[in-house]
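As a basis for the values below, the full set of heavy atoms in this structure was taken, side chains included, without hydrogen atoms, waters or symmetry mates.
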Amino acid sequence: MGPRNHSSLSEFVLLGFPNVGHVRAWLFVLLLSAYLFTICGNMIIFLVTQLDIDLHKPMYHFVGALSFLELWYTATTIPKMLANLLSEKKTISFAGCLLQTYFFHSLGASECYLLTAMAYDRYLAICQPLHYPAIMTRALCVRMAAGCWICGFLCPISEVILVSQLPFCDYNEIQHIFCDFPPLLSLACKDTSTNVLVDFAVNAFIILITFLFIMVSYGRIIGAVLKIKTAAGRKKAFSTCASHLIVVLIFFGSIIFMYVRLKKSYSLTLDRTIAVVYSVLTPLANPIIYSLRNKKLIRAIKRTIFRNRVRFIHH
């Protein structure tokens, strides 16, 4: 049988986590628990930043926006992973695969831009404290967050269009835990060097430029903090940035390794492991990192829970 193009290839097979055998049920429970915790944790942070008036500040506006984004970011991949762990038929339609790839990369790019906006916010707060209230207004925060989403959703369009035009062979098994550009390109029946080059250029521009901007911001922040005379002042300044910096290093460390490379793949096992880090563990870690390291946010969560409990009792 000769090769057939994408018009006759109606579906792919997502291999997901192969050879898990008897631990499949445990893996499902672990992944489901991580997903539920991610949804609950990020939802709580998002709602509290909206409801508690003490958190109506630029820093918490961006924290809430990040938590809201993580809700959708995980929803693009984890539910399908869970379904595949339960089902023997691990198929996904051609259109569904392209949509999953598009939304995953759109939301990932939006997160890169949003983390950059958060770094700029911290830079202004620490390096230009007198001008900060006048510059970082609520209107600017809303425009910046909206701009992050718009730019993020525009970025992968060219990549998706190029992939949609590729002819695919009879072999339709995707060696990955979700649909993504590298495993899709490996199934194409023609030379994909143009696609690989476009993917590299787009990813390198988004990831490296935003990461460089964040690192430059933190370089200036560290320089400003070191000029603070008191140890207590330096500790307070660093504490406002620590949570964000931890999230940045975890997220960017994994996606730089995964996407800023010209090879289609290294080790399939390694690719799956790295994919779990940025698609599951990073969204899971965000509410933990931000809540545990931020006493003001913890107090706001307790206040919100207490108020709702009192209202429930009175009703």
Side-chain angles (χ1 to χ4, degrees), residues 32-76 78-79 103 106-108 110-126 129 132-150 152-153 236-237 239-248 250-251 280-315:
L32 178 62
S33 301
Y35 184 50
L36 293 176
F37 183 88
T38 300
I39 294 295
C40 293
N42 283 296
M43 182 64 77
I44 288 171
I45 290 177
F46 171 70
L47 291 176
V48 169
T49 56
Q50 301 302 307
L51 297 175
D52 195 294
I53 194 169
D54 286 345
L55 299 184
H56 289 180
K57 297 177 182 178
M59 182 176 76
Y60 296 105
H61 169 81
F62 289 120
V63 169
L66 179 63
S67 293
F68 182 72
L69 187 148
E70 296 288 24
L71 295 172
W72 297 102
Y73 183 69
T74 53
T76 60
I78 299 181
F103 282 111
S106 296
L107 292 164
S110 299
E111 182 160 349
C112 289
Y113 292 128
L114 189 55
L115 290 172
T116 306
M118 294 172 76
Y120 178 66
D121 171 68
R122 291 299 83 206
Y123 161 75
L124 286 178
I126 294 174
Y132 177 72
I135 297 174
M136 193 57 69
T137 61
R138 182 170 180 81
L140 179 61
C141 290
V142 172
R143 288 198 297 269
M144 288 176 68
C148 292
W149 281 79
I150 293 170
F153 274 75
K236 182 179 179 181
S239 66
T240 64
C241 305
S243 299
H244 176 253
L245 188 57
I246 292 170
V247 171
V248 164
I250 295 173
F251 180 71
V280 179
L281 296 184
T282 302
L284 174 68
N286 281 359
I288 299 173
I289 293 170
Y290 280 112
S291 61
L292 289 181
R293 296 192 59 86
N294 194 309
K295 294 179 180 178
K296 191 171 184 178
L297 184 57
I298 292 175
R299 288 196 296 268
I301 292 172
K302 290 179 179 178
R303 279 198 304 270
T304 304
I305 294 173
F306 177 75
R307 282 199 300 265
N308 290 333
R309 184 182 297 174
V310 170
R311 288 173 185 172
F312 178 78
I313 292 172
H314 285 312
H315 283 293

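- Taking CD1 of Ile301 as the start and NZ of Lys296 as the end, the distance is 13.5 Å to the nearest 0.5 Å.
- Under the side chain to side chain donor-acceptor pair (under 3.5 Å) criterion, Tyr60 pairs with Asn294, sequence neighbours left out.
- Salt bridge Asp54/Arg303: present, at least one basic N to carboxylate O contact under 4.0 Å.
- Considering only heavy atoms from C-beta on, Tyr132 comes within 4.5 Å of Asp121 through its side chain.
- With rounding to the nearest 0.5 Å, the separation of CZ in Phe153 from CG in Leu107 is 4.5 Å.
- Under the side-chain contact (heavy atoms from CB on, under 4.5 Å) criterion, Ala285 pairs with Ile289, sequence neighbours left out.
- For the pair Gly64 and Phe46, the tightest heavy-atom approach, listed with the atom from each and the gap, is O-CD1, 3.4 Å.
- Taking 4.5 Å as the limit, every side-chain heavy atom of Ile44 sits out of range of all side-chain heavy atoms of Pro287.
- In terms of heavy-atom proximity, Leu297 sits nearest to Tyr290 at CD2-O, 3.8 Å.
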Side-chain polar contacts of residues 137-145 - donor-acceptor pairs under 3.5 angstrom, sequence neighbours left out - could you list them?
unit_1 : atom_1 : unit_2 : atom_2 : d
Thr137 : OG1    : Leu140 : N      : 3.3

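- Atom-to-atom distance recorded for Met136:CE and His61:NE2 is 9.5 Å, nearest 0.5 angstrom.
- For Leu284, the side-chain contact (heavy atoms from CB on, under 4.5 Å) partners are Ala34, Phe37, Thr38, Leu281, not counting sequence neighbours.
- Rounding to the nearest 0.5 Å gives a distance of 10.0 Å between CZ of Arg299 and CG of Leu55.
- When side chains are defined from C-beta on, Pro79 counts as touching Tyr35, because their heavy atoms get closer than 4.5 Å.
- Rounding to the nearest 0.5 Å gives a distance of 11.0 Å between OG of Ser110 and CG of Leu115.
- For Tyr123, the side chain to side chain donor-acceptor pair (under 3.5 Å) partners are Gln128, not counting sequence neighbours.
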Let me have the donor-acceptor pairs involving side chains of residues 66-74, under 3.5 Å, with sequence neighbours excluded, atom names and distances please.
unit_1 : atom_1 : unit_2 : atom_2 : d
Ser67  : OG     : Asn42  : OD1    : 3.4
Ser67  : OG     : Val63  : O      : 3.2
Glu70  : OE2    : Asn286 : ND2    : 2.3
Tyr73  : OH     : Tyr278 : O      : 3.0
Thr74  : OG1    : Glu70  : O      : 3.0
Thr74  : OG1    : Leu71  : O      : 3.2

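- In this structure, Ile53 and His56 have side chains that are in contact, with non-hydrogen atoms separated by less than 4.5 Å.
- The OH atom of Tyr120 sits 5.5 Å away from the CD1 atom of Ile135 when rounded to the nearest 0.5 Å.
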